[in-house]
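Chain letters run A, B, ... following the sequence lines, proteins first, then strands; residues in each count from 1.
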Amino acid sequence: MVSKTFSDHCPPTTDHFTFMTVRVRFAPSPTGYLHIGAARTALFNFLFARKTGGKFLVRVEDTDLARSTEESTRSIFEGLEWLGLNFDEEPVFQSANATAHRDAALRLIANGKAYRDFTPKEEHAEGKVKQDIAERARRDHAEGIDHRANACRDLTTEESDRRAADGEPFAVRLKVPVNGSSHFEDMVYGEQTRDYSEIEDLVLLRSDGHPLYNLSVVCDDIAMNITHVIRGQDHLTNTHKQILIYKALETNVPRFAHLPLILAPNKAKLSKRKHGEVVSLTTYRDRGFLPEAFVNALVLFGWSPPDEHEIFTFDELIKQFDLEHIHRSNAVFNFSETDARLWTDQKAQFINAEYVRTMPFENLLPYIQSELESVGLWRDEYAGERRAWFEATVNLIRERFYTLKDFSGQGRAYFADDFPFDAAAVKKNLKKDERLRELLPALAEKFSSLEPFTHDATEAAMREFCEHHAVKVGVIANAARTALTGQAVGASMFHVFESIGRERAIKRLRDATSLI
RNA sequence: GGCGCUAUGGUGUAAUUGGUUAACAUGCAGCCCUCUCAAGGCUGAGAGUACGGGUUCGAUCCCCGUUAGCGCUACCA
């Protein structure tokens with residue numbers, strides 16, 4: 001009896017896949033940009049593969065012809081590349097396997113595990129599908145109708161074959177056992193049970209011949225030899241249906257690990273329509289996040305390390321990562337749509353800043369280079385004869401930066417002679433004291449003969465200068481900061497002098513008088 | 001409506017699986033440092049663990065109920 005084998009299925013801790021090389025996949029559907037939730041799923045799969053010495057694969061689930069776009073596919077691959085999640089084999093495009101999926105469904109009819117359903121397709125109004133389903137379920141329940149009752153299930157083979165041969169359209173449905181229940185051990189959520197009475201005979205093939213999601217996933221996972229399915233928790237209850245298909249196909253069932261979801265601040269599902277660009281991975285790249293930092297931030301949603309360290313390199317992460325410490329409750333991505341400072345999760349911002357200011361210079365250099373290149377400020381000598389200066393300057397300014405964008409924004413005055421003056425800074429530091437009109441050029445004059453032009457030398461010279469003119473060091477330092485960088489805030493002025501250099505410092509001190 | 005999953009400061013997460021003044025990070029406030037702003041150091045506010053019942057000498061942890069959120073319930077993925 002088929003139902004008996006189903007009911008008895010309960011995977012032991014060590015199963016068929018335990019001794020095989022781990023093979024996991026990331027299976028996005030290309031219907032938009034790469035969502036941060038999907039990115040995290042990809043990351044967890046990747047980490048698990050690297051951790052276990054297994055393979056990380058990608059399968060593009062492009063079976064929804066209407067919604068899938070090439071542009072989306074491209075952005076998904078770009079996103080994976082940006083994050084550094086390199087896959088091990090050629091990506092699989094699910095649409096290419098439709099024939100195999102259809103054949104599998106037909107095979108199931110042949111051996112009696114599935115049947116043709118000649119009932120005409122139910123049409124659902126656009127956008128009302130969820131409502132329709134809930135309503136139908138409610139109505140059936142109220143009227144005592146068994147939603148599983150389907151006259152076609154018990155059609156004789158002869159009649160079924162005849163009607164099919166006559167050209168009558170049919171969908172293919174899996175025969176779900178009438179009695180018993182489905183069980184599996186989720187690696188995150190633990191023992192899962194679902195009564196077969198809760199599962200309708202699911203459609204494998206549409207009447208137009210197109211295979212449906214559950215069939216396609218299972219077939220492809222079998223074809224790709226997937227050992228562990230790591231995906232969002234929204235598939236937790238679907239898993240029972242998929243296991244039914246595995247059993248019908250008489251293949252081994254992989255292990256499952258479902259991940260908690262990442263929610264919006266109001267605990268609603270994170271969606272582009274409602275939440276905009278915060279959910280798109282490309283936003284983070286475009287706003288100056290370091291992929292290493294974003295990975296670090298992302299991994300903390302739904303997983304936590306055994307110890308309390310939260311900042312780690314990719315290699316440390318691979319070493320530390322495990323399925324055991326994945327959380328079961330959904331996480332909320334904390335941001336505000338009204339406060340620009342809180343445009344995205346604050347902790348993610350902190351982690352990015354932490355990386356910007358502490359990452360080894362050599363690792364950061366390529367990112368800064370491409371940032372400066374994007375605004376036309378990169379010069380090859382920064383990697384050559386002026387490398388020491390460049391490194392010292394970067395180390396000086398990155399201390400108070402949050403993103404890569406700051407190198408071309410706040411940091412512009414270090415790499416360009418044309419830079420904007422912050423109006424508030426000019427008002428506060430330059431216009432405040434009339435004497436600066438004479439003092440700034442005087443300081444420039446003093447600097448012109450100063451040798452060497454270093455942090456210590458400029459400090460000594462300036463302190464002496466201030467004493468001589470009976471003016472507070474702070475007044476001159478702040479005025480100089482605005483004159484040299486256009487800003488009210490920044491690094492210690494003596495370091496700034498040294499970095500900007502004598503020529504540029506003198507010129508900027510003199511030019512600033514026009515602003516006073 | 002049915003079924004399933006989840007519930008610890010604002011947010012992300014800990015709590016050796018029943019014994020802690022409920023911990024860490026972020027964010028917030030203050031102080032120190034100081035030429036500004038960060039960083040850093042120090043201090044502080046912020047949860048009695050969704051709510052209500054049990055079990056127990058003792059529950060964040062186990063059980064039941066309620067509530068809320070999420071998911072599934074499709075010839076979507």
**Q** Kindly say if Lys269(A) contacts the phosphate of G71(B), meaning a side-chain N or O under 4.0 Å from OP1 or OP2.
**A**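 For G71(B), OP1/OP2 do have a side-chain N/O of Lys269(A) under 4.0 Å.
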**Q** Name the pairing partner of G27(B), where a pair is Watson-Crick or G-U wobble with both distances under 3.5 Å, or state none.
**A**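 The base-pairing partner of G27(B), which may sit in any strand shown, does not exist here.
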**Q** Report yes if a donor N or O on one partner sits less than 3.5 Å from an acceptor N or O on the other, where the partners are the side chain of Ser207(A) and the base of C75(B); otherwise report no.
**A**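 Answer yes: a donor N or O sits under 3.5 Å from an acceptor.
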**Q** So does Lys130(A) get a side-chain nitrogen or oxygen closer than 4.0 Å to the phosphate oxygens (OP1/OP2) of C76(B)?
**A**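 No, no such contact exists.
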**Q** Before accepting this row, confirm whether a basic side-chain N of the pair Arg136(A)/Glu200(A) lies closer than 4.0 Å to the acidic partner's carboxylate O.
**A**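 Result for this pair is yes, salt bridge flagged.
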**Q** Does His327(A) have a side-chain nitrogen or oxygen under 4.0 Å from the phosphate oxygens OP1 or OP2 of A14(B)?
**A**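 So the side-chain polar atoms of His327(A) do come within 4.0 Å of the phosphate oxygens OP1 or OP2 of A14(B), strictly under.
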**Q** Is the phosphate of A14(B), meaning OP1 or OP2, less than 4.0 Å from a side-chain N or O of Ser304(A)?
**A**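 Yes, such a contact exists.
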**Q** Within less than 4.0 Å of OP1 or OP2 of A74(B), is there a side-chain N or O belonging to Arg136(A)?
**A**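 Result: yes.
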**Q** Whether the side chain of Arg328(A) and the base of C5(B) hold a donor-acceptor pair under 3.5 Å is what I'd like checked.
**A**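 Such a pair does not exist between side chain and base.
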**Q** Any ion pair linking Asp186(A) and Arg255(A) (charged N to carboxylate O, less than 4.0 Å)?
**A**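 Here Arg255(A) does not pair with Asp186(A) in a salt bridge, since their nearest N and O are not under 4.0 Å apart.
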**Q** Pick the P atom in A50(B) and in U8(B), then give their distance to the nearest Å.
**A**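 The same atom, P, in both gives a distance of 6 Å.
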**Q** Could you measure between the two C1' atoms, the one in C63(B) and the one in U56(B), and give it in whole Å?
**A**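 After rounding to an integer number of Å, I get 12 Å for this pair.
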**Q** Could you identify the nucleotide paired to U66(B), looking across every strand shown and requiring Watson-Crick or G-U wobble geometry with both distances under 3.5 Å?
**A**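 By the stated definition (distances under 3.5 Å), A50(B) pairs with U66(B).
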**Q** Between Lys241(A) and U73(B), is there a side-chain N or O to OP1/OP2 distance below 4.0 Å?
**A**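 So the side-chain polar atoms of Lys241(A) do come within 4.0 Å of the phosphate oxygens OP1 or OP2 of U73(B), strictly under.
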**Q** So if I apply the side chain to side chain donor-acceptor pair (under 3.5 Å) rule between Asp62(A) and each of Ser95(A), Ser72(A), Ser29(A), which one comes out positive?
**A**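 Testing each of Ser95(A), Ser72(A), Ser29(A) against Asp62(A), the sole residue satisfying side chain to side chain donor-acceptor pair (under 3.5 Å) is Ser95(A).
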**Q** So, does the side chain of Arg481(A) form a donor-acceptor pair with the base of C35(B) at under 3.5 Å?
**A**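 Checked by distance alone, the answer is yes.
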**Q** Is there, by distance only and without an angle test, a donor paired with an acceptor across the side chain of Glu198(A) and the base of G4(B) below 3.5 Å?
**A**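 Side chain to base: no pair present.
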**Q** Hey, which of Thr313(A), Ile351(A), Leu300(A), Leu43(A) is the one that makes side chain to side chain contact (heavy atoms under 4.5 Å, CB included) with Val295(A)?
**A**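 Exactly one pass, corresponding to Leu43(A).
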**Q** Tell me whether the side-chain N/O atoms of Arg102(A) come closer than 4.0 Å to OP1 or OP2 in C75(B).
**A**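 The answer is no; no side-chain N or O of Arg102(A) sits under 4.0 Å from OP1 or OP2.
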**Q** State plainly whether the residues Asp221(A) and Arg25(A) are in salt-bridge range, i.e. N to O under 4.0 Å.
**A**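 Answer for the salt bridge query: yes.
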